[in-house]
Amino acid sequence: MTDTIQEPNSVEEVAAGLRAAGYLPGESTALVSYLAAKLGKPVLVEGPAGVGKTELAKALARYLGRTLIRLQCYEGLDEAKALYEWNYRKQLLRIQTEAGDAGWQDVQDDIFSEEFLLPRPLMTAIASPEPVVLLIDEIDKTDQEFEAMLLELLSDFQISIPELGRIEARTQPVVLLTSNNTRELTEALKRRCLYLWLDYPELEHELAIVRLHSPDLDESVARKLVEIIGQVRELDLKKPPSIAESIDWARALILLGARDIDADVFRQTMSVIVKHRTDLDTVAARVGVKLEPAKDASTAA
Amino acid sequence: MPAPPRSGPENKLYARIPDRGPGGFDGQLLAFAEELRDEGMAVGTSELLDAFAALNQISWTVQADFKEALAATLAKSPDDRRTFELVFERFFFRAAEAEAARQDITEGPAADGQGFDMDLDVLRQQIAAALRDGSEGAMRDLARLAIAAFGRGEGSGVLGVDVQRIRRALGLRTDPQPDLPEDDPRRHGVPRDQLRRFEQHLRRELERALIERTASLPPKRPLTELDRALPTGPIQDLAAVHRVVAQLKRRLATQGHELRGRKRHAHVDFRRTMRASLQTGGVPVELKYRPRRPRRPEIFVLCDVSTSVTSASTFFLSVLHALHDSFRKLRSFVFIERISEVTEVFERERDFRAASEAVSRDAGVADISGYTDYGRVWTEFLALIEDELHPRATVIVLGDARTNGRPPRDDVFAAITAKAGRTFWLNPEPQLYWNYGDSVIAAYAEHCTAFECWRTDQLEDFVKALAQPVQAR
């Protein structure tokens, strides 16, 4: 880590930095990221799946030149997998090798030292000598007990280990928590965080994102693609297409060498953006049929 | 922030504009937080401290940054965010106007349309062009010109009416107007959201002019519940409905877990107690209890599908069916004059739209007049289902209890509720209208629990109550 940026100086700087890291931030995204770095507060990022919540953390890590430590949450995640665990086997070995000679006190002091500690993501982030970006992904998948455990970490950046005492952060990590809003998070957690709501981007913004990720795609095709995606999102679907799907679709179109999105191309590639059987029917019936006349109009223009 | 000097001696202005709150800008921000609380947002002291800390880090010259910084620290859910936007607009607009009135800053008498000539057609075109390009500053300036040109002095006194009158005078419409000349920007219709923005500007400028003219702030308009209302159109905004359903489903699922952990049940699990007692030499020192199972009620739903409440009831039925895993048994009936079972329709049709079509096509519940006949419905329902009702069953009725002058037969209804364990009545009308006209909800409410249910959060409260385990009788 040579080009570590300790602290950004302005919102514009963060926006430019994120852009250079391959992420096009919206207005509030840059501002909240800046505040997070300045105030040292964790950020709770919410929004529908696939609008770039996780990507934001990655881009921040790239921009700040820090390591990204990621904790993927799931139901049943507990302290042993998130914080730390005692390396039981190693402790056992230690006891067996010295059992005869050393006294009880010595061995006990010894086997509960940092040497026998297995750090998990949260611990790693706290103990790291370099500042890091910590991503706690999909926090809404865990249960409330786990949330409660996070509170100490998020407000004071410290972890208490009964046998060792408190481990405090040596550097100020940037913490991002993401949530798909499947469950109401506790007030206590929200109070400790800055809040950022990411939604599907506006047309021009999404166009810029698609162009950034697949620059080979023709400008007019890209615009049409984004417009169609917008129409599809308006429908009542089980899973509306996200930005990730727009980008995938753009890549697919490049591979196919499509010069325009007409009804045929749309029918063939529709499954890239829509992933449910019933959704496919809806989209074909509502958007697919509109495409033929639209094609004529675009060639005329 | 140093307080700017007040201009002039005591004049009548000070009598009507409220005094500036204490504490300069900090005080203003606290007042803002107070308004947020009034609208139901939980803004804690720690959040306020964060807001101050955040404002220290940014420059206040960019309005968007200022607002985002406050939003990121104060509004912590999409709902809160929406409330925040509305309150922010209202609060800072009023604060700025009050300050201007205190300092006697006016924008000069430009109104009335006299004294300056303006080609009205050019103005119309300019406004349409600004709307097409979406430039915010131009829109604001043009809104003032439009008021000067078409505002006609005092206006009607109702802002909304004035706004619409000016819009019509400008010839702004969202649908294409093919008879206009080729180069007119209004020819292909004005983008809908731009038009809404322009109307907001108009409203704002009108309000500003009103404050200047009368030197008093109009009463604060509290946020309405309208944006939280249930979808009322037949199948309007299906996506919103599904979002509500998905949310409810998850809430229900997690709620069961919560209850299981928290409340202890009084039933001793004998087998586990004896097993545990082996550790203590056969003495049952520690009692083991049976876990408490979440209640999965048997539900009978009766829905009025006459035209006055049809959208609410179909919506409600589809919600229940989307949640059917949470219930042991769910049977649904629709009624107008007669009653008809539609359980199968909803089991077959997963799609809300298809289900509502099937109900209106196949149920055949309207006999002659198409007006609800509650008395007949109760009698038929009781005959149909009498043997299946038992104290663990729940009956839910959704309807507006408007009998159209026919006998309510609340005695038969009482017989139904006596057989069933719990009976709920959901009334899609706001409580204000209950017992007015031919509404006889009071007669039925004696025998059941009546809920007002026209907003999604009310519906959610009800579903929660429904899924909650009741005390064993």
Side-chain angles (χ1 to χ4, degrees), chain A residues 7-12 14-15 26-48 75 140 143-145 155 179-199 202 204 233-238 240 278 281-282, chain B residues 42-59 62-82 84-85 134 193 235-243 246-247 249-251 253-255 257-258 261-262 350-354 460:
Chain A
E7 269 199 353
N9 290 317
S10 72
V11 182
E12 290 75 33
V14 176
E27 252 176 62
S28 49
T29 313
L31 181 87
V32 174
S33 314
Y34 168 73
L35 285 178
K38 275 295 205 191
L39 302 177
K41 296 210 73 151
V43 183
L44 174 62
V45 192
E46 277 192 323
E75 213 170 316
D140 50 336
D143 36 26
Q144 292 197 346
E145 290 79 2
S155 52
S179 152
N180 287 332
N181 207 13
T182 56
R183 158 172 91 79
E184 199 69 47
L185 299 174
T186 56
E187 281 297 315
L189 183 81
K190 285 187 170 179
R191 203 173 314 129
R192 284 166 175 78
C193 299
L194 301 174
Y195 186 82
L196 174 64
W197 171 260
L198 285 185
D199 212 334
E202 310 212 324
E204 292 299 326
R233 276 187 200 137
E234 305 255 304
L235 301 176
D236 172 43
L237 298 183
K238 282 199 180 111
T278 47
D281 296 345
T282 320
Chain B
V43 179
T45 314
S46 67
E47 266 121 348
L48 267 177
L49 290 175
D50 286 347
F52 280 112
L55 289 182
N56 271 333
Q57 300 292 340
I58 57 155
S59 83
V62 188
Q63 202 206 4
D65 280 5
F66 178 80
K67 182 165 154 189
E68 288 299 332
L70 281 182
T73 46
L74 297 177
K76 308 241 164 137
S77 71
D79 287 346
D80 279 2
R81 180 61 205 245
R82 210 167 43 232
F84 175 88
E85 299 270 347
D193 43 337
I235 32 179
Q236 163 212 70
D237 207 359
L238 278 173
V241 171
H242 279 187
R243 268 196 296 281
Q247 194 89 0
K249 212 165 177 172
R250 288 190 296 255
R251 294 260 162 91
T254 45
Q255 205 190 19
H257 293 293
E258 249 168 55
R262 207 171 54 217
R350 297 277 74 188
D351 183 27
F352 175 74
R353 193 197 317 260
E460 205 176 314

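Numbered from 1 within each chain, the chains take letters A, B, ... in sequence-line order. The figures here come from the full heavy-atom set of this structure, side chains too, leaving out hydrogens, waters and symmetry mates. Please read these numbers as outputs of a predicted model, since none were measured by experiment.
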Roughly how far apart are B:R81 CZ and B:L74 CG, rounded to 0.5 Å? 10.5 Å
So does A:E202 have more than 12 non-hydrogen atoms from other groups sitting under 6.0 Å from CD? no
Straight-line distance of A:L185 CG to A:E46 CD, nearest 0.5 Å: 5.5 Å
If we define contacts as heavy-atom pairs under 4.5 Å, which of B:A64, B:A71, B:A42, B:S46 has the most with chain A? B:S46
Taking every heavy-atom pair that is under 4.5 Å apart, which of A:P240, A:A30, A:S28 has the most such pairs with chain B? A:S28
Is A:L196 in contact with chain B via its backbone, its side chain, both, or neither, using a 4.5 Å heavy-atom distance? neither
Side chain, backbone, both or neither of B:S59 within contact of chain A (heavy atoms, under 4.5 Å): neither
Using a 6.0 Å cut-off, check whether atom CD of A:E27 has over 12 heavy atoms from anything other than its own residue. no
